[in-house]
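What follows is a short report on a single structure.
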2 protein chains.
Amino acid sequence: MEPVTLKQIAEELNISVATVSKALKDYPDVSKKTKALVKELAKTLNYKPNTFAVNLRTRESKTIGLVIPVIVHHFFSNVIKGIVAQAEKKGYLVIILQSNESYELEKKQIDLLLNQRVDGIMISLANGTADFSHLKQVLELGKPLVMFDKIAKIVPCSKVVIDDRKAAYLATQHLIDTGCTRIAHFRGALLPQNSIDRFLGYKKALLDNDLPYDPSLVYICECDDRSFEEGLDNAKKLLNDHDDVDGIFINTDLVAIGAMTELAKQGVAVPNDMAVVGFSNWFMSSVISPSLTTINQPGVEMGKRAFKQLYKEIKAIKKNKPINPKVITLETELIKRESTK
Amino acid sequence: MEPVTLKQIAEELNISVATVSKALKDYPDVSKKTKALVKELAKTLNYKPNTFAVNLRTRESKTIGLVIPVIVHHFFSNVIKGIVAQAEKKGYLVIILQSNESYELEKKQIDLLLNQRVDGIMISLANGTADFSHLKQVLELGKPLVMFDKIAKIVPCSKVVIDDRKAAYLATQHLIDTGCTRIAHFRGALLPQNSIDRFLGYKKALLDNDLPYDPSLVYICECDDRSFEEGLDNAKKLLNDHDDVDGIFINTDLVAIGAMTELAKQGVAVPNDMAVVGFSNWFMSSVISPSLTTINQPGVEMGKRAFKQLYKEIKAIKKNKPINPKVITLETELIKRESTK
DNA sequence: CTGAAAGCGCTTACAG
DNA sequence: CTGAAAGCGCTTACAG
């Protein structure tokens, strides 16, 4: 069944394609009578404008691209949900690509989206991304770009983030407030800004409380597909290396849950022998036992705000107005549960 | 920065647009010399074909649509991951929409995707969907359609599923084998085929083992955003209504985890006082305590297979060949853990 | 109020 | 081997 075109409607009604087009779009310079006729026929024929042709003419696709490190991930899937919902409200569709924490893939995917001529791009960076030319290219092409969560400070585009340093400080301070004096940190990968900031927040809280900062208490995890296992492994190492640690601040809930599993296995009581604070407030953190104290990170909200910003920029560009990149910082909060005293 | 067009390349080299187009696509009837010249210039100018124009000419978008009930969901996010990965391999992009378990939204979204002229559509139905005309419309337009997980038997398209009845039978049989004699069932919503099938598998296992089927032991949950709370609520009701139940087979892990939380709260020991089997093998089921016995449901694999089938059908339609709808059934397995004896 | 015309950027059947 | 021409289905500035 071939789709109906403007031409067919025009022929049927013995009027021109131009008039049909204008009638359907409610141009003021078409008579009411003609409009009514056209609209009725369009409806009975189930006319749908050919998006390909519309895109070609209007030079926009009403489609945006999203590159995300991991899809099966409590926080990121919440962000996706927020973006998709907000975009749909504004008549935009979202193409989603997973970078798998790989710089190479991420680069290719940005290229794919550019080829596709999406109206804008949203991204949370892969752990492996240290070069940002692919992102600068997006901006050079005049396409709006919004980064969220894992951002690059150096790229002059809009960003939606939380104050990772402050949140990490809060988490560590909570451990100190509840009596911990020797606190380890399972940090994220080396490159991402957010794992750097969380580390710095941890360190600052120690120093502000006159606790020594000991690098041997900092363990690294990639926080990729293997997060849970990384938690297990790091906890094992930690227990092996040190016998005086009484608290851990961990970069991500899933890693923390892995760590707590290992602690339980080795008979280390949480929170009495070892207190644990995670980050991100994954759903399962509330249902495990002991439940996990963590930092709430508003995923859906982040997705919504990021899309709203992108939308503004798309509109601005359409009107040939300059874009003013914004950094939007969302609030976080400490959620106290059973894994701390 | 305006994108480069074929015309610009043609003018620069003093040849025709047609030749440039053919050279870039390695048509055999273009001289090697011309091809080399064209390709080199295209590269230095960073030429990207305008997808809008290509789409208009070729009548395909290399884009498919996916409608999914919930994004923040262990099983579905795995399916998304599988689809997106497989599609990318074949040069297809995926537009994702969330129906939120609403028939109305689902219908609108199918329309959106049809308007967008995606090359094919994949869907897992919303709980609320009882009318299938929006899906039949897809087929009538000659667009490939593949359903997965939550399907409608009556729609003559390809489907990727598991044998829900068999899996539920297995789960219930396991409860019986480990000594349960009065087994409740927290089923899914009334309409979806998979919750009907799981219910039927449960019932059949009872009857095959000469255990009476008692409708008052069957509780319903929508399995939407509130899954966890539904588990809590249903467990509360169950404990209130009956004091002789010793096992529950539950439609989804997340509901089961809610139920176990309530059981723990009320001091009911799992598995000794009450054994529990879930469905779907969510990651958190392995890390809670006691860990949850469940049925493994291969999400990524389901996504991949569903895309592969869609791809075949897209190719077939392109060649004007008929589509032979297939039903692909994936294997499941029982994963025994601590919530059963 | 209506329509003829140009054009978006490509592809492809056809002529030479 | 190369190119002129038609056309995909729309939009919009312009003429009448």
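Within every chain, numbering begins at 1; the chains are lettered A, B, ... in the order of the sequence lines, protein sequences first and strands thereafter. Basis for what follows: all heavy atoms, side chains included, without hydrogens, waters or symmetry-related copies.
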Please state how far atom CG in B/Leu37 lies from atom C1' in D/dT2, giving the value in whole angstrom units. 14 Å

Got a sec, which residues hit side-chain contact (heavy atoms from CB on, under 4.5 Å) with A/Asp111, two or more places apart in sequence or on another chain? A/Gln137, B/Lys48

Of all the choices, D/dT12, D/dG9, C/dC1, which nucleotide is nearest to the side chain of A/Lys25 once you look at every atom? D/dT12

May I have the distance from B/Phe52 (atom CZ) to C/dG9 (atom P), rounded to whole angstrom? 11 Å

Protein-nucleotide distance (A/Asn55, atom CG; D/dT11, atom P), rounded to Å: 11 Å

What's the CD-P distance between A/Gln116 and C/dC10, to the nearest Å? 14 Å

Pairwise salt bridge (Lys or Arg N to Asp or Glu O under 4.0 Å) hits with a residue in residues 307-320 of chain A, at least two apart: A/Glu60-A/Lys318

Of all the choices, C/dC10, D/dC10, C/dT2, which nucleotide is nearest to the side chain of A/Val54 once you look at every atom? D/dC10

Short side-chain N/O contact to D/dT2 OP1/OP2 from B/Ser31, under 4.0 Å: yes

Give me, pair by pair, the N or O atoms of the protein and of nucleotides 14-16 of chain D that are less than 3.5 Å apart, along with how far apart they are.
none

Results of side-chain hydrogen bond (donor to acceptor under 3.5 Å, both in side chains) for B/Lys150 - residues two or more places apart only: B/Glu101, B/Asn127

Verdict with supporting geometry, A/Ile95 and A/Leu66, side-chain contact (heavy atoms from CB on, under 4.5 Å): CA-CA 6 Å; A/Ile95 290 170; A/Leu66 168 62; over 6 Å; no

What residues, two or more places apart in sequence or in another chain, satisfy salt bridge (Lys or Arg N to Asp or Glu O under 4.0 Å) together with B/Arg305? B/Glu301

Listed partners of B/Ala85 passing side-chain contact (heavy atoms from CB on, under 4.5 Å), at least two apart: none

What is the distance from CG of A/Leu6 to C1' of D/dC8, rounded to the nearest Å? 13 Å

Those residues that, when tested against A/Phe75, pass ring-ring contact (aromatic ring centres under 6.0 Å, His included) (two or more places apart): none

Quick test of your reading: applying ring pair (Phe, Tyr, Trp, His ring centres under 6.0 Å), list the pairs with at least one residue in residues 118-159 of chain A, sequence neighbours left out, ordered by first then second residue. A/Tyr103-A/His134

For A/Leu56 and D/dG7, give me the distance from atom CG to atom C1', rounded to whole Å. 12 Å

Any side-chain N or O of B/Tyr47 below 4.0 angstrom from OP1/OP2 of C/dC10? yes

Any side-chain N or O of A/Arg117 under 4.0 Å from OP1/OP2 of C/dG9? no

If pairs are Watson-Crick or G-U with both distances under 3.5 Å, what is the dot-bracket string of DNA chain D, marking crossing pairs with [ ] and pairs to another strand with |? |||.||||||||.|||

C/dT12 phosphate, OP1 or OP2, under 4.0 Å from B/Tyr27 side-chain N/O: yes

Go through residues 9-21 of chain A and report each residue with a non-hydrogen atom lying under 4.0 Å from DNA chain D, sorted by number. A/Val17, A/Ala18, A/Ser21

Distance check: side-chain N/O of A/Arg59 vs OP1/OP2 of C/dG9, anything under 4.0 Å? yes

If you look only at pairs with a residue in residues 85-97 of chain B, which of them pass as a side chain to side chain donor-acceptor pair (under 3.5 Å), with sequence neighbours excluded? A/Gln109-B/Glu88

Counting distance only, does the side-chain N/O of B/Ser61 pair as donor-acceptor with the main-chain N or O of B/Asn55 below 3.5 Å? no

Report the C-alpha distance between A/Asp29 and A/Lys22 in whole Å, list the side-chain angles of each, state the deciding distance to 0.1 Å, and finish with yes or no for salt bridge (Lys or Arg N to Asp or Glu O under 4.0 Å). CA-CA 8 Å; A/Asp29 64 343; A/Lys22 287 190 282 189; 3.8 Å; yes

With respect to the side chain of B/Thr34, which nucleotide from D/dG9, C/dT11, D/dT2 is positioned closest? D/dT2

Could you note down all residue pairs passing ring pair (Phe, Tyr, Trp, His ring centres under 6.0 Å) where residues 5-62 of chain B supplies at least one of them, sequence neighbours left out? none

Nearest whole angstrom, please: distance from the P of D/dT11 to the CG of A/Asp26. 13 Å

